[in-house]
Amino acid sequence: MLNLVLFGPPGAGKGTQSEKLIDKYQLVHLSTGDLLRSQIAAQTELGLRAKALMDQGVLVPDEVVIGMIDSKLRENQAAAGFIFDGFPRTVRQAEALDDLLSQYNEQITVMVALEVDQEELTKRLLLRGQSSGRPDDQNEELIRRRVSEYNEKTTPVAGYYQQQGKYVGINGIGDIEDIFQTISNEIEKRHS
Ligand code: ADP
C-alpha cells in the first residue's frame with residue numbers, strides 16, 4: 001500500500017495536488033476538512049459542533065477526526081492506498097494514525113510537505129474564497145487564525161515524521177505540473 005500524508009498550511013495546494021496523485025496512484029482520498037464539511041451539510045450533531053470551531057479557525061477535537069479516519073479505513077480495506085489531506089494536524093493525531101494503520105499491518109510511506117510563505121498563502125485563500133463559498137476563506141482575520149493554529153499545533157507533526165525519516169519538504173510555489181512531478185519522484189523513491 002502507498003500511504004501518503006500531504007502536509008502544508010491552508011492554501012499550500014494540498015487539494016490540487018491530491019486530485020492529481022489520486023488519479024495517478026489510484027488512492028482513496030481522506031480529507032478531514034471535506035469529511036467535516038459533509039457532516040455540516042448533513043446537519044449532523046457532529047457537524048454542528050465542528051462548524052462552531054471551524055468558523056473560528058480553530059481545530060476540532062482530535063477524537064472527532066481520529067474517529068472519522070478510523071471508520072474510513074475500515075470501509076476501504078481493499079484500497080491500493082490512502083492520501084491523507086489535512087490530517088494528521090496534531091502529534092496526537094499522528095500517533096493515532098500510526099496505531100490505526102498498524103492494525104492492518106500498514107504504515108505511512110512518506111509525508112510530503114508543501115512549503116509556501118505566509119503572504120502567498122493569504123493571497124491564494126482570499127482568491128479561493130471568492131469562488132469556493134467557504135466562509136473560512138473569505139476573511140483575512142480568520143485566515144491568520146488558521147495559519148497560526150497551523151504554526152502552533154501542526155508544525156510539530158513535521159518533526160514527528162522527520163524522526164521516522166519520512167519527511168520530504170517541497171517548494172509549493174511554481175508550476176502545478178512541476179510540483180506534481182517532484183512529488184511523484186519522491187513517492188517513487190520510496191514505493192515500488
Ligand atoms: P485548510 O487546510 O484550507 O484550512 P481544511 O479543509 O483542511 O482546510 O480544514 C478546514 C477546517 O476544518 C480547519 O480550520 C479545522 O477547523 C477543521 N479541521 C480539518 N481537519 C482537521 C483535523 N485533522 N484536526 C482538527 N481540525 C480539523
Side-chain angles (χ1 to χ4, degrees), residues 3-19 21-22 28-73 82-101 108 111-158 160-161 170 172-173 179:
N3 295 311
L4 177 72
V5 173
L6 198 55
F7 188 77
K14 300 187 293 287
T16 307
Q17 295 296 334
S18 284
E19 273 181 36
L21 291 162
I22 291 156
V28 172
H29 186 213
L30 297 183
S31 156
T32 42
D34 287 350
L35 292 170
L36 289 167
R37 280 184 289 275
S38 59
Q39 294 283 331
I40 293 173
Q43 298 186 316
T44 64
E45 198 184 316
L46 189 156
L48 289 177
R49 271 186 290 135
K51 185 177 180 341
L53 296 165
M54 290 164 79
D55 284 349
Q56 295 172 58
V58 298
L59 296 184
V60 307
D62 288 332
E63 293 66 35
V64 171
V65 287
I66 293 166
M68 293 192 315
I69 293 289
D70 185 9
S71 57
K72 287 290 163 188
L73 292 178
F82 294 95
I83 180 160
F84 299 95
D85 169 1
F87 176 90
R89 253 180 163 92
T90 63
V91 171
R92 181 113 189 276
Q93 291 177 20
E95 290 166 349
L97 179 57
D98 279 349
D99 288 346
L100 289 174
L101 289 172
I108 291 300
M111 173 206 239
V112 171
L114 292 171
E115 294 161 352
V116 177
D117 63 72
Q118 167 85 61
E119 197 186 333
E120 171 75 13
L121 291 175
T122 310
K123 234 174 32 194
R124 288 186 186 180
L125 289 171
L126 288 171
L127 195 69
R128 181 169 84 185
Q130 290 173 13
S131 57
S132 72
R134 269 181 60 173
D136 58 349
D137 283 345
Q138 293 178 32
N139 170 321
E140 220 171 317
E141 176 65 32
L142 208 53
I143 291 175
R144 259 197 295 277
R145 184 69 192 271
R146 278 154 65 207
V147 173
S148 88
E149 276 282 278
Y150 176 85
N151 289 335
E152 184 187 329
K153 297 186 180 140
T154 306
T155 305
V157 176
Y160 179 85
Y161 288 101
I170 286 177
I173 299 184
I179 297 169

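Residues take their numbers from the sequence shown, with the count starting at 1. If you're wondering where the values come from, they're calculated on a predicted model, not measured in any experiment. Indexing begins at 1, ligand by ligand and atom by atom, following the structure's order.
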S.K.: Which residue owns the protein heavy atom closest to atom 14 (O) of ligand 1, what's the atom, and how far is it?
M.R.: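 Going by distance alone, atom 14 (O) of ligand 1 is nearest to R146 CG, 3.9 Å.
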
S.K.: Identify, for atom 18 (N) of ligand 1, the protein heavy atom at the shortest distance, and state residue, atom and that distance.
M.R.: L36 CD1, 3.5 Å

S.K.: State, to 0.1 Å, how close V91 and Y160 come at their nearest heavy-atom pair, and which atoms those are.
M.R.: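 Smallest interatomic distance, heavy atoms only, reads CG1-CD1, 4.1 Å.
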
S.K.: Just wondering, are more than 12 heavy atoms of other shown residues or ligands nearer than 6.0 Å to NZ in K51?
M.R.: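 Counting other residues, nucleotides and ligands, NZ of K51 stays at 12 neighbours or fewer.
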
S.K.: Start with the C-alpha gap between L97 and F82, add the side-chain angles, then the distance that decides, and say whether side-chain contact (heavy atoms from CB on, under 4.5 Å) holds.
M.R.: CA-CA 12 Å; L97 179 57; F82 294 95; over 6 Å; no

S.K.: For atom 15 (C) of ligand 1, what is the closest protein heavy atom, and at what distance to 0.1 Å?
M.R.: V58 O, 3.7 Å

S.K.: Under 3.5 Å, is there a donor-acceptor pair between the side chain of R146 and the main chain of D136?
M.R.: yes

S.K.: Identify the closest protein heavy atom to atom 3 (O) of ligand 1: which residue and atom is it, and at what distance?
M.R.: R128 NH2, 2.9 Å

S.K.: Report yes or no: does a heavy atom of Q56 sit under 4.0 Å from some atom of ligand 1?
M.R.: no

S.K.: Any chance you could measure T154, atom OG1, to L59, atom CG, to the nearest 0.5 Å?
M.R.: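 Here the interatomic distance stands at 5.5 Å.
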
S.K.: Out of R89, Q93, E149, who gets a non-hydrogen atom closest to atom 13 (C) of ligand 1?
M.R.: R89

S.K.: Do me a favour and list the nearest non-hydrogen protein atom to atom 8 (O) of ligand 1 with residue, atom name and distance?
M.R.: R134 NH2, 3.1 Å

S.K.: Which of these, V157, V60, T32, D62, has its nearest heavy atom closest to atom 25 (C) of ligand 1?
M.R.: V60

S.K.: Within a radius of less than 6.0 Å around CD of E19, do more than 12 heavy atoms belonging to other residues, nucleotides or ligands occur?
M.R.: no

S.K.: Does L59 approach ligand 1 within less than 4.0 angstrom via side chain, backbone, both or neither, non-hydrogen atoms only?
M.R.: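 For L59, the contact with ligand 1 is made by both the backbone and the side chain.
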
S.K.: Would you say R37 has any N or O atom under 3.5 Å from an N or O of ligand 1, going by distance alone?
M.R.: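 Yes - when backbone and side-chain N and O of R37 are compared with those of ligand 1, one distance drops under 3.5 Å.
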
S.K.: So, taking the atom named CG in D98 and the one named CD in Q93, what distance separates them when rounded to the nearest 0.5 Å?
M.R.: 12.5 Å

S.K.: Please state which part of R145 comes within less than 4.0 Å of ligand 1, counting heavy atoms only: side chain, backbone, both or neither.
M.R.: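 Neither part.
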
S.K.: Under 4.0 Å from a heavy atom of K14: which atoms of ligand 1 are those, numbered in the order shown and with their elements?
M.R.: 2 (O)

S.K.: Does S71 reach the main-chain N or O of M68 with its side chain, forming a donor-acceptor pair under 3.5 Å?
M.R.: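 Looks like yes, one N/O pair under 3.5 Å.
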
S.K.: Taking the side chain from T90 and the backbone from K153, do they hold a donor-acceptor pair closer than 3.5 Å?
M.R.: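 No: the side chain of T90 does not pair with the backbone of K153.
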
S.K.: I'd like to check whether G86 has a polar contact with ligand 1, where a contact means an N/O of the residue lying under 3.5 Å from an N/O of the ligand.
M.R.: yes

S.K.: For R124, state whether at least one heavy atom is located under 4.0 Å from any atom of ligand 1.
M.R.: no

S.K.: Could you go through R145 and V58, starting from their C-alpha distance and side-chain angles, then the distance that decides it, and tell me whether this counts as side-chain contact (heavy atoms from CB on, under 4.5 Å)?
M.R.: CA-CA 7 Å; R145 184 69 192 271; V58 298; 3.0 Å; yes

S.K.: I need the nearest protein heavy-atom contact for atom 11 (C) of ligand 1: residue, atom name and distance, please.
M.R.: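 For this ligand atom, the closest protein heavy atom is M54 CE, 3.7 Å.
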
